[in-house]
Amino acid sequence: QVQLVESGGVLVQPGGSLRLSCAASGSGFRVYAMGWYRQAPGKQRELVATITRSGTTNYADSVKGRFTISRDNAKNTVYLQMNSLKPEDTAVYYCKADTTSFFYWGQGTQVTVSS
């Protein structure tokens, strides 16, 4: 069993910055790729960014140049640095971890960008 715990979601003004964290815990697993997804009201869940164990990254066009994904393999933790936030970034953000046998989702954290 693998558990993902997310933190960092808050209310922030447009143009502000925020950093999200997601730590994987449990036993008998090895984490490979990790990523962040988000779901806004009335929309489907969409990919935000992914990162492999070696550090290769991939970003959605809507966040490219503003968001940065990173990870600490020793801590099984993935981060999302969010800069120049826009109201359109408002959503519930979910982290995802891929293991040798399955993938797991975090519980989600609310990010609201508003003045």
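Contact between Ile69 and Gly35 at its shortest, heavy atoms only, is CD1-CA, 4.2 Å. Shown here for Pro14 and Ser115, the closest heavy-atom pair between the two residues is CD-N, 3.7 Å. Of all the heavy atoms in Ser70 and Ile51, the pair that sits closest is CA-CD1, 3.9 Å. When all heavy atoms of Arg71 and Arg53 are compared, the pair lying nearest together is NH1-N, 3.3 Å.
The closest side-chain heavy-atom distance from Arg66 to Met82 is not below 4.5 Å. Taking the side chain as every heavy atom from C-beta outward, Val78 and Val31 never approach each other to under 4.5 Å. When side chains are defined from C-beta on, Val2 counts as touching Leu4, because their heavy atoms get closer than 4.5 Å. Here the side chains of Tyr79 and Asp72 are in contact, with some heavy-atom distance below 4.5 Å. By the 4.5 Å heavy-atom criterion applied to side chains, Phe67 and Leu85 are counted as neighbours. Thr109 places none of its side-chain heavy atoms less than 4.5 Å from the side chain of Ser7. Taking the side chain as every heavy atom from C-beta outward, Met34 and Cys95 never approach each other to under 4.5 Å. Side-chain atoms of Val111 and Asp89, non-hydrogen and from C-beta on, never get closer than 4.5 Å to each other.
Side chains of Thr52 and Ser54: a donor-acceptor N/O pair is present below 3.5 angstrom, by distance only.
With Glu6 contributing its side chain and Leu20 its backbone, the two residues share no donor-acceptor pair below 3.5 Å. Side-chain atoms of Glu46 never come within 3.5 Å of backbone atoms of Arg38 as a donor-acceptor pair (strictly under, hydrogens ignored). A donor-acceptor pair is defined here as one N or O able to donate and one able to accept, closer than 3.5 Å; such a pair exists between the side chain of Thr90 and the backbone of Val113.
Remark: Thr50 OG1 to Tyr59 OH distance equals 9.0 Å, nearest 0.5 Å.
Lys64 has a carboxylate O that lies under 4.0 Å from a charged side-chain N of Asp61, or vice versa, which qualifies the two as a salt bridge.
Side-chain heavy atoms closer than 4.5 Å link hydrophobic residues (I, L, V, M, F, W, Y) into clusters, and following such links, possibly through other members, connects Trp36 to Val10. Hydrophobic clustering (ILVMFWY, side-chain heavy atoms < 4.5 Å, transitive): Val63 and Val92 are in distinct clusters.
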Original post:
Yes or no on side chain to side chain contact (heavy atoms under 4.5 Å, CB included) for Leu11 and Ser114, after CA distance, side-chain angles and deciding distance?
Top reply: CA-CA 7 Å; Leu11 172 65; Ser114 176; 4.3 Å; yes
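Of the candidates Tyr94, Tyr93, Trp105, Tyr37 forms a ring pair (Phe, Tyr, Trp, His ring centres under 6.0 Å) with just one, namely Trp105.
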